[in-house]
Structures are given as structure tokens and as C-alpha cells.
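None of the values given here were measured: they were computed from a predicted structure. We count ligands from 1, going down the list as the structure has it; atoms in each ligand are counted the same way.
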Amino acid sequence: MTDDQVRPSYDAVVVGAGHNGLTAAAYLARAGLSTLVLERRPVVGGACVTEEIAPGCRASTTSYIASMLRPEVIRDLDLPRHGLRMVPCDPALLVPFLDGTAAPWWSDRERTVRELEKLSPADARTFVRVDDELKTLARYLQPFFLEPPPDVGARGLPGVLEALRVGRRFRGITGGEIGRMVAFLTGSLGDFLDRNYESEKVKTLFLANNVYGKHGGPYSPGTALGLLFHLLSGGEHELQGFYGHVLGGMGSITQAMAAAARGFGAAIRTSAPVARILVSDGRARGVVLEDGSEIRARVVVSNADPKRTFLGLVGERDLPEEFRRAISGIKMDGPCAKVNLVLSEEPRVTAMPPEFRKTERALFTLVPSLEFAERCYGIARSGEIPEELWVDCVVASNVDPSLAPDGRHVMTCFVQYVPYHLNSGTWDEQRELLGDRVVKKIGEYAPNVPRTVVARQVLTPLDLERVYGLTEGNIFHGDLSLEQLFFLRPVAGFARYRTPVAGLYLCGAGAHPGGGVTGAPGHNASRQVLRDWKRRVA
Ligand SMILES: Cc1cc2nc3c(=O)[nH]c(=O)nc-3n(C[C@H](O)[C@H](O)[C@H](O)COP(=O)(O)OP(=O)(O)OC[C@H]3O[C@@H](n4cnc5c(N)ncnc54)[C@H](O)[C@@H]3O)c2cc1C
């Protein structure tokens, strides 16, 4: 995918064609800026991509479920017209247990309640109360997704206007809700579940989708935040708690975004790694590619993560020392991996209810208990690869048979917790050990899997860094912990997409509101660029 007619200068150059870079480019081009996207890989998509992992078998090699893609972005870029089709995951979640039972979470709440009643009638009642409460609280946070975070540095009139903006978002919030909001933002998921639920299986069901990709076992402070994040609405229909399979894999999202950006006039060049962002007199002036060619631009928008952007692409002398230090301190450091499998048989999970249809058998999460997850994090933190891993499996070909030929099945397996820095050996030496442990774990629940693997792709944190450009393998361009969110993302003082270099902006997951396939940082960054452009400060 190469737009050959690259010119020597543009209004805006976007570094990176991840979904946020493409989103930003589409909005900038739509507003009339001549825009060029430069991607180091031969394909667009970054961590939202579909790739062939064996002849005729395609997989969402990195991200695999669309849960928070902003409905506004879907509409503005008219993604369905460019081929995007999502179907709700139903169940959204299924946790099988070794005793042969399973806990599914259906999109129909009443159906989920009936499932929980089988495990604990008291927990089923609590579920309804807590779900209502969480949905209400999530609605207060929702507007901040597509807005800049609160500007805590604003003074004078701008400060008053900012206080009014933030205050309006919380209009009507009660004292009790404030208390609960603070508890969710700062508390631990494990403590919350222990306080509210009695059945270990019900707790495990919540655990299965709430500490996803984050540092910290379920008893770490700040892990309860996931409960709110997952209830932010997503998908075309703005459903709270939406989980979607993307037909054609996650790459269909970024293919549609690239088509939209091109439709608005943007050019996209792949296999075009940027070596340096040109800065003079404190202003971004363009980029230099690794092949030495120079492209001038009035605005440079970086979709690369903050460490890669500021410690790799911008010269040391062009940034304040304090800013560079703050960027170096961003917590990234793993803690996830991915194993993508091609199987000759559909996985037969022992605990899968026999009446489930093929599409309902498309996902299962292996995470036996809170204590298990806590232990697993502790081991990874000490630099070891845990024997027992938390594995989230999606049999994508059950929903979209076009991903594999007859007789083949594609299953993607998200894995946590694993360290980026190993205590001993290197990830190149330990890659297959990780793959073996993941397949063994799956075999405990789906005994036919180990003998039916015909192809296996293991992506360690180091591979995520090398192949996809994710520094230290962090899937969110920086951990989603409270001290790295809102007005502290990527670092204090620079949470509004601008950087210490005039005309240089950050538009990726390292910026507010953070990681996941949302399109939100790309959307918000483009709005900031356009505001500055109109005021002629960009
Ligand atoms: C294994 C894994 C599983 C995940 N699962 C999910 C999931 O199921 N659901 C979900 O919502 N999210 C998931 N995520 C997270 C989500 O995919 C990311 O947070 C999100 O895609 C980041 O998007 P981005 O556009 O900000 O950055 P990226 O996708 O990282 O894109 C940045 C782009 O910039 C390019 N680039 C970097 N440096 C340069 C340079 N010097 N020159 C040119 N180009 C450059 C990179 O190659 C890349 O294409 C997962 C991520 C991973 C890795």
C-alpha cells in the first residue's frame, strides 16, 4: 500500500499508521490540510491489524476484540461504507472451570443474571445493583473520552472556563457517587469483589475482563478502574459494555480508516520509517526518513509511543531535560504477550455447554481465581515466566470462516502476566517455552488443542517491541494506572496533545485517554491541531 506521489512538503505529516494515526490523518485531511502518513511497517494498522500466520490463515495478530471504538469516529469516518463490519460477542465473556462448569456473560443482562443465580442467588442480586451503579458512574467519565483531560494548569478566565467545563460533566453527581467514583479510581478489583460477592466463580468472571493488559495483580490499588472503563460505550450503536468481533479481523478497522483518510485526500506511505523529527528554533519543521529523504511539514503528529517519539525521534537538545526525564519514567515494561494458533480441529472446551452454537463457542478465558492472578503477576514482576498463565482465547474463525480454509481454525491467545525484562536468558531463547506453556494451559481445559496445532506464532514482549514498535512491549503505550491517566498522560503538563516543541503533537495511545482501539487520542489530537491551526500557532 504505497502512495507514490509523495511531495516534498505537507501541511501535516503523521508518523505512524496505527489506528490513531489514521484517525488523526483522516480528520486533518477532512479539514483541508494536505496530510501524509508515514508508516515504518509494510502494512498499516499498528497493533490493530490482520496478518497471514500460515498459508490461507489470517489472524488479528495483536488486538483481537473491538470494545471501545468510539461511535463518533465510526460515523465521522463512515467506516461501515469502507467495509467495517462488527458483530457483538455473545457471550462477551466465558470462563470455563476445571470442574466442568462455565460462567458466561451475555449481552442480555437478564440472561447473565440467570447464569449467576446458578452460582449464587445473592451474587446475582448484587450484580444487578452494581451493574446499574457502574453504568451510572461510567456515564460521568464518558464525555472525557473525546475531550482533552481537565487542564489543571489553567489560571484566570481560562481556569474558570475549564472549571465550568469539568463541573458541567459532573452535574447532578451525588456525594455517594463521588465516594464510589474515588473508590473505583483508586481501589483494588480484588478488594471490591471480596466485599461484594461470595462465589469465587462470580469473582473470576469479573476478573476475566478487568485487569486486562495492565500492571498489577487484582489486589493492586487502581485495578478497580477497569470496571468503569469497560462500561464506556463502544461500537456503532453506542452500547455500554459492547464487545465486538470484527469481520476480517481487527485489520478491517484500520483498512477502513486508511480508505477514509485517502477519501479525504490524505496520502499514506508504508515501509517508510521516520528516523528523526526535524526541529529548529523550537518548532517542528518536518521529518527525515531512514533512507535520508526529508519531508517538510508545518505540523508533525506522532502516533509512535511517547518514549519512541521523544527519546528516539526528537533530538536531545530540542527538549527540556525535565520533560525527557519525565518521559523516561513512564511505566511500560510488558506485561503481555500473544500466541496465535492455527488448529486442525475446533477447540473442544470440556466445560463448554453442549447447546452452544458455533459463534457462541468463539471465546473463553482461562483465569482460575483472584489468588492465581495475583501470584502470576508477582512471579512475572520478579522477571520469571510464570508456569501458569492467564490466557484469553478467541476462536475467530468460528465467527468469520473466511479467516481460514476448510479444516483449519484460527485461535488467538492473549497472555498475561509476563515480564519484559527477564531474570535469566533472553526472550529469543525463551519464546518457545512461553508458547509451550500457553498451549499446555489451554490443553487443561480443551484437551484436543495441543495435538491439533498446525502453526504457532509466539509474540513475546520483545517481539511486540521489535515488530509493532511498542516500546518495552507495552500494548497501551504506557500503563493505564491512575498516575499515568487523564491530566498526567503522557506526563504532567503535556496532556493536551501538544508537546514542548511547537507544531509537534502526540496522537497515539500514550496520550489521553489512553490505549485500546478507541480512535479517541487520534480524534482529540486532530482537534487540538486544528484549533491551533486556525489560531495560526500550529
Ligand atoms: C497483543 C495485544 C493485544 C491487544 N488487545 C486489544 C484488544 O483486544 N482490544 C483493544 O481495544 N485493544 C487491544 N490492544 C491495545 C491496542 O491494540 C493498542 O492500544 C492500540 O492499537 C494502539 O493504537 P495506536 O494507533 O495509538 O498505536 P499503534 O497501533 O502502536 O501504532 C503506532 C504506529 O506507529 C508506527 N511507528 C512507530 N515508530 C515509527 C517511525 N519511526 N516511523 C514510522 N512509523 C512508526 C508503528 O509501526 C505503528 O504502526 C492490544 C494490543 C496488543 C499489542
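Residue Pro273 places a heavy atom less than 4.0 Å from ligand 1. Using a 4.0 Å heavy-atom cutoff, Gly469 is absent from the residues neighbouring ligand 1. Using a 4.0 angstrom heavy-atom cutoff, Met68 does not count as in contact with ligand 1.
Ring centroid separation for the pair Tyr243 and Trp105 does not come in under the 6.0 Å cut-off. Ring centers of Phe494 and Phe323: under 6.0 Å apart, within the cut-off. For an aromatic pair to be called close, the ring centres must be under 6.0 Å apart, and Tyr417 with Tyr377 satisfies this.
When the options Thr254, Val339, Thr62 are ranked by their closest heavy atom to atom 2 (C) of ligand 1, first place goes to Thr62. When the heavy-atom distances from atom 23 (O) of ligand 1 to Met257, His19, Gln416 are ranked, the shortest goes to His19. Of the listed residues (Asp463, Val14, Val274), the one carrying the non-hydrogen atom nearest atom 40 (C) of ligand 1 is Val274.
Side-chain contact of Asp463 with Thr460: a donor-acceptor pair under 3.5 Å is present, judged by distance alone.
Classification of Arg308 and Glu465 as a salt-bridged pair fails, no side-chain N sitting under 4.0 Å from a carboxylate O.
By the neighbour-count criterion of 12 heavy atoms within 6.0 Å, atom CZ of Arg456 is densely surrounded, having more than that number from other residues, nucleotides or ligands.
The protein non-hydrogen atom at the shortest distance from atom 49 (O) of ligand 1 is Glu39 OE1, 2.6 Å.
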